[in-house]
Amino acid sequence: MGTVEVQATSPAVAERAPRPAPGPTGWTTRRWLSVGASAALSVLLVLGVCGAWIFAHSSTINNRLVERSSPALITSVRLESALVNQETGIRGYGMTGRADFLTPYRDGLAQQRTAERQLTALDGDDTAAAADLAAVHRYAARWQALVAEPVATAADPVKVATERAEGGKQAFDTVRAALATQQRHLQAERVEARGDLEDARSLRNWTFLAIAAVILALTGLVFVGLRRGVTTHVDRLSAEVRLVAGGDFDHPVTESGPADLRLLARDVESMRRRLADELAFSDEAQHHLSEQTDELRRSNSELEQFAYVASHDLQEPLRKVASFCQLLERRYGAQLDDRARQYIAFAVDGANRMQGLINDLLAFSRVGRLLTDHVAVDLAALFDRTVDSLGMAIEESGTVVTHDPLPTVHGEPTQLGMLLQNLIGNAVKFRSPDRSPVVHVGARRTGESWEFSVSDNGIGIEEEYRERVFVIFQRLHTREQYTGNGIGLALCKKIVEYHGGVIGIDQEHSPGTRVVFTLPDAR
């Protein structure tokens, strides 16, 4: 069969690619994003530090108000109550002489000591508060020493109280004045702390409003920056790429945006130009290929006509040669010597072999050329028909033919029958005289296909000939040893490859030969 080869090279592939131009200058998208993110993070960090300082300052003022100013003022009031209780108890005891009036005095002493300890702890490093507490303690101690203790321990408390009434009143007035001063200072400190707390809260609120406004502004800037600096250019590039991908290969891809996007656009434009050149060359090559396909179709048609002539017109003269040679031998056999009879036998054998060779060549050329639909082929049934057709040779040789469960495959039934007949026939033909011939057809599933094997225990094939046996007209033995035209395995290879499989010789099988081939599944 004639073949037409097409060999062409695209100028875009054959020519050496030019050195790429230097990339666009300017900031890349990564650099823009890095700088923008760094600036935004810096601003947010400053705002975060400010917010943390506001929180700390507000907490400090709140702690001073809650943990010192208010408790100190309350404790000062309790201290005043304790001293008033002492003064009331002493005055009542001094007026009546009744001992039960000393109970408020003694309770007041205990309350005074407790209040002074608490005020001392609350004052801490506040020297002014400590001075106020010391003044109250000093005046209270002087009153106690001048009035309270003498009255409480006197045998006649009424008399002592009467004698010291005027001095006691003046001494306790100084205590009241010290307490008033202390409470006024504590109240002023508390009012100041409350004012500071209100100022801190106001500052905190304004600061957080400013932080929120800055965050919103940053968000807006990021959105606008990404939109104008990145996504707009990416959208434009995507739209142009879609136009090119849709078939408009003449549409140029323009550059815009940051440096890396411009470089990407330049690369896409270079690819578009290359594809356009390749497409133009492909269209031209397709046109030439179409012309050559038409030429090949005409050539195949001529080959079909030649095959018809070879199968009919060429075989008729061969049949006549063989027939007349045989008639010549029968009619003039008595006048012919042994050499003449041998010559006639040679002529008849040559004509018969020529007819067989023509038929084999026709069968080889028809594989894959005559388009037929592939159908599901039951190999078990096909195997039975093949063994029946080879029944005489199998019976005469005493060959035992076995097989594994055979599946259904997808293919052309006639060609698959020729495949099995050639492989089993070869196994029967090339049997060993030293052992009883055994032929086995195996089958196993391998992924999406089936792997088959035809094994025998015959004479085998030497390793150096295991590839050559699939070449047409390759014979390893003389015609006197084994009949045939050396085309059987070549025909098998063509049938298997036409069905999308592969065929080969198993090098590890011994003794004999194992031919392995694959066929597609019927699914």
Side-chain angles (χ1 to χ4, degrees), residues 349 352-353 356-357 359-360 363-364 377-407 409 411 413-444 450-496 501-519:
D349 180 67
N352 290 333
R353 284 194 289 107
L357 182 60
N359 289 329
D360 290 343
F364 184 81
V377 181
D378 185 358
L379 289 186
L382 188 63
F383 173 85
D384 293 337
R385 292 196 297 270
T386 301
V387 171
D388 288 341
S389 65
L390 296 173
M392 184 175 295
I394 293 174
E395 184 177 355
E396 290 178 352
S397 62
T399 305
V400 177
V401 182
T402 59
H403 67 90
D404 291 341
L406 297 177
V409 298
T414 302
Q415 295 182 10
L416 293 180
M418 295 171 61
L419 173 66
L420 285 180
Q421 184 167 346
N422 274 281
L423 293 178
I424 297 176
N426 281 350
V428 174
K429 181 196 300 184
F430 297 103
R431 59 187 177 274
S432 174
D434 301 330
R435 47 187 173 267
S436 299
V438 176
V439 179
H440 180 74
V441 178
R444 68 186 185 92
W450 285 90
E451 182 182 274
F452 301 93
S453 62
V454 179
S455 308
D456 62 60
N457 61 346
I459 62 176
I461 301 174
E462 298 295 334
E463 184 175 354
E464 60 268 23
Y465 300 118
R466 289 178 176 174
E467 294 296 330
R468 292 176 53 189
V469 294
F470 293 104
V471 179
I472 191 170
F473 299 137
Q474 290 294 319
R475 296 179 55 88
L476 304 182
H477 308 279
T478 63
R479 289 187 176 87
E480 288 74 14
Q481 293 176 307
Y482 297 98
T483 60
N485 295 318
I487 202 172
L489 288 179
L491 180 63
C492 292
K493 181 179 181 182
K494 193 169 184 181
I495 291 173
V496 170
V502 293
I503 189 171
I505 304 296
D506 185 359
Q507 300 182 2
E508 298 180 357
H509 179 76
S510 180
T513 304
R514 174 182 290 160
V515 180
V516 181
F517 62 94
T518 59
L519 291 176

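Both backbone and side-chain heavy atoms feed into the values below; hydrogens, waters and symmetry mates do not. Heads up: numbering here begins at 1 and tracks the sequence.
Listed for the Arg435 side chain is a donor-acceptor partner under 3.5 Å among the backbone atoms of Gly458. Of the possible polar contacts, none joining the Ser453 side chain to the Ser455 backbone as a donor-acceptor pair under 3.5 Å is found. Looking only at distances, a side-chain donor or acceptor of Thr518 sits under 3.5 Å from a matching main-chain atom of Val502. Judged by distance alone, with hydrogens and angles left aside, the side-chain atoms of Asn457 form no donor-acceptor pair with the main-chain N or O of Pro511 at under 3.5 Å.
Inter-residue side-chain proximity for Val409 and Leu379 is flagged as met; some heavy-atom pair is nearer than 4.5 Å. At least one side-chain heavy atom of Val454 sits less than 4.5 Å from a side-chain heavy atom of Phe517. Between Thr402 and Val439, the closest side-chain pair of non-hydrogen atoms is not below 4.5 Å. Leu390 is listed as a side-chain neighbour of Gln421, based on a closest heavy-atom distance under 4.5 Å.
One finds the CG atom of Leu491 at 4.0 Å from the CE atom of Met418 (value rounded to the nearest 0.5 Å). Note that the CG atom of Asp378 and the CG atom of Asp384 stand 8.5 Å from one another [nearest 0.5 Å]. In this structure, Leu416 CG and Leu519 CG are separated by 6.0 Å, a value rounded to the nearest 0.5 Å. Arg514 CZ to Leu423 CG: the interatomic distance, rounded to the nearest 0.5 Å, is 13.5 Å. With rounding to the nearest 0.5 Å, the separation of CD1 in Ile495 from CG in Asn422 is 7.0 Å.
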Let me have the donor-acceptor pairs involving side chains of residues 392-400, under 3.5 Å, with sequence neighbours excluded, atom names and distances please.
residue : atom : partner : partner atom : Å
Ser397  : OG   : Ala393  : O            : 2.8
Ser397  : OG   : Ile394  : O            : 3.2
Ser397  : OG   : Thr399  : OG1          : 2.6

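Closest approach of Gly417 to Thr386, counting heavy atoms only: O-OG1, 4.2 Å. Listed here is the closest heavy atom pair of Val377 and Gly411: CG2-O, 3.6 Å.
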Are Val496 and Leu419 close enough, and set up right, to give a side chain to side chain contact (heavy atoms under 4.5 Å, CB included), and what steps lead you there?
CA-CA 8 Å; Val496 170; Leu419 173 66; 3.9 Å; yes
Side chain to side chain contact (heavy atoms under 4.5 Å, CB included) between Leu406 and Trp450: does it pass, once the steps are laid out?
CA-CA 10 Å; Leu406 297 177; Trp450 285 90; over 6 Å; no
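Side-chain N/O atoms of Asp404 and His440 include a donor and acceptor closer than 3.5 Å.
Between His403 and Phe383, the angle of the ring planes lies from 30° to 60°, which puts this pair in the tilted group.
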